[in-house]
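For reference, the structure is listed below as structure tokens.
These numbers come from a predicted model, not from an experiment. Below, read A as the first sequence line, B as the second, and so on, with proteins coming before strands; counting in each chain starts at 1.
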Amino acid sequence: EPEVTQTPSHQVTQMGQEVILRCVPISNHLYFYWYRQILGQKVEFLVSFYNNEISEKSEIFDDQFSVERPDGSNFTLKIRSTKLEDSAMYFCASSEMSSGTQYFGPGTRLLVL
Amino acid sequence: QKEVEQNSGPLSVPEGAIASLNCTYSDRGSQSFFWYRQYSGKSPELIMSIYSNGDKEDGRFTAQLNKASQYVSLLIRDSQPSDSATYLCALSGNQFYFGTGTSLTVIP
């Protein structure tokens, strides 16, 4: 069964460093998403991506964040200068249609020290 | 105003009972509704989607949607200890909005 994959599973970084989180969406899906979940809190939407551009983004997705689809399979989230409050689980998701079911990857747990 | 509201629980039911989870939403234009289950430290996994008013059944799970009253619910029949998790209500509008989740514990 096709699934969304994410790497790395865990990332520890120093405050101010750049991190890149990677995702491989399900192959026939066209819509890609990033979410974050701070420990004990709800899943929060960051950004959606379609046709090589951002279609929606939340207030959380400020200038320190960027997304890219560098090739036909990977979808990345870059955090330029990490802050302590960026520590969270980051989930990638993909869907076939814009309002269709989203399938989530296993997540990357980011810890900023 | 929160887009999606859920009772955070915790909700405890004995094994074999019916668990009832509820969710209300604010955007009348929402068309697609989803229930996800999330085990601690894991990613959300889809249980059911529902798009039209009424009930939709899938095994032990029944989703109910009432667009006029802006609520969606999930019933879990014959609850099992393995159903113990956080249940997330989500809807698709301009963004995909998740509720805060309801923690369910099924007591053996």
A/S98 versus chain B, the contacting section by heavy-atom distance below 4.5 Å
backbone
Ordered numerically, the heavy-atom neighbours of chain B under 4.5 Å found in residues 9-19 of chain A are none
Heavy-atom count check: over 12 atoms from other residues, nucleotides or ligands less than 6.0 Å from A/K57 NZ?
no
For A/F61 and A/F65, take the angle between the two ring planes, folded into 0 to 90°, and tell me which bin it lands in: parallel under 30, tilted 30 to 60, perpendicular over 60.
parallel
Going by salt bridge (Lys or Arg N to Asp or Glu O under 4.0 Å), name the pairs with one or both residues in residues 62-83 of chain A, residues two or more places apart or in two chains.
none
Check whether A/Q37 gets within reach of chain B through its side chain, its backbone, both or neither, counting any heavy atom under 4.5 Å.
side chain
When rounded to the nearest 0.5 Å, the distance separating CG of A/N74 from CZ of A/R22 is 7.5 Å
Got A/L111 and A/L113 here, is their nearest side-chain heavy-atom distance under 4.5 Å?
yes
Side-chain donor-acceptor pair under 3.5 Å between B/S73 and B/Q64, yes or no?
yes
For B/L91, which atoms come within 4.5 Å of any heavy atom of chain A: side chain, backbone, both, or neither?
neither
Taking all atoms of both residues into account, what is the closest heavy-atom pair of B/E15 and B/P81, and its distance?
CD-CD, 3.7 Å
A/Y50: which residues meet the ring pair (Phe, Tyr, Trp, His ring centres under 6.0 Å) condition with it, sequence neighbours left out?
A/Y31
CG of B/D83 to CG of B/D78, rounded to nearest 0.5 Å, is 8.5 Å
Using the rule ring-ring contact (aromatic ring centres under 6.0 Å, His included), only one of A/F91, A/Y90, A/F104 pairs with A/Y35; which is it?
A/F104
Which members of residues 42-60 of chain B, sorted by number, sit under 4.5 angstrom from chain A on a heavy-atom basis?
B/K42, B/S43, B/P44, B/L46, B/S49, B/Y51
Please lay out, stage by stage, how A/S48 and A/S55 fare under the test side-chain hydrogen bond (donor to acceptor under 3.5 Å, both in side chains).
CA-CA 6 Å; A/S48 59; A/S55 43; 2.9 Å; yes
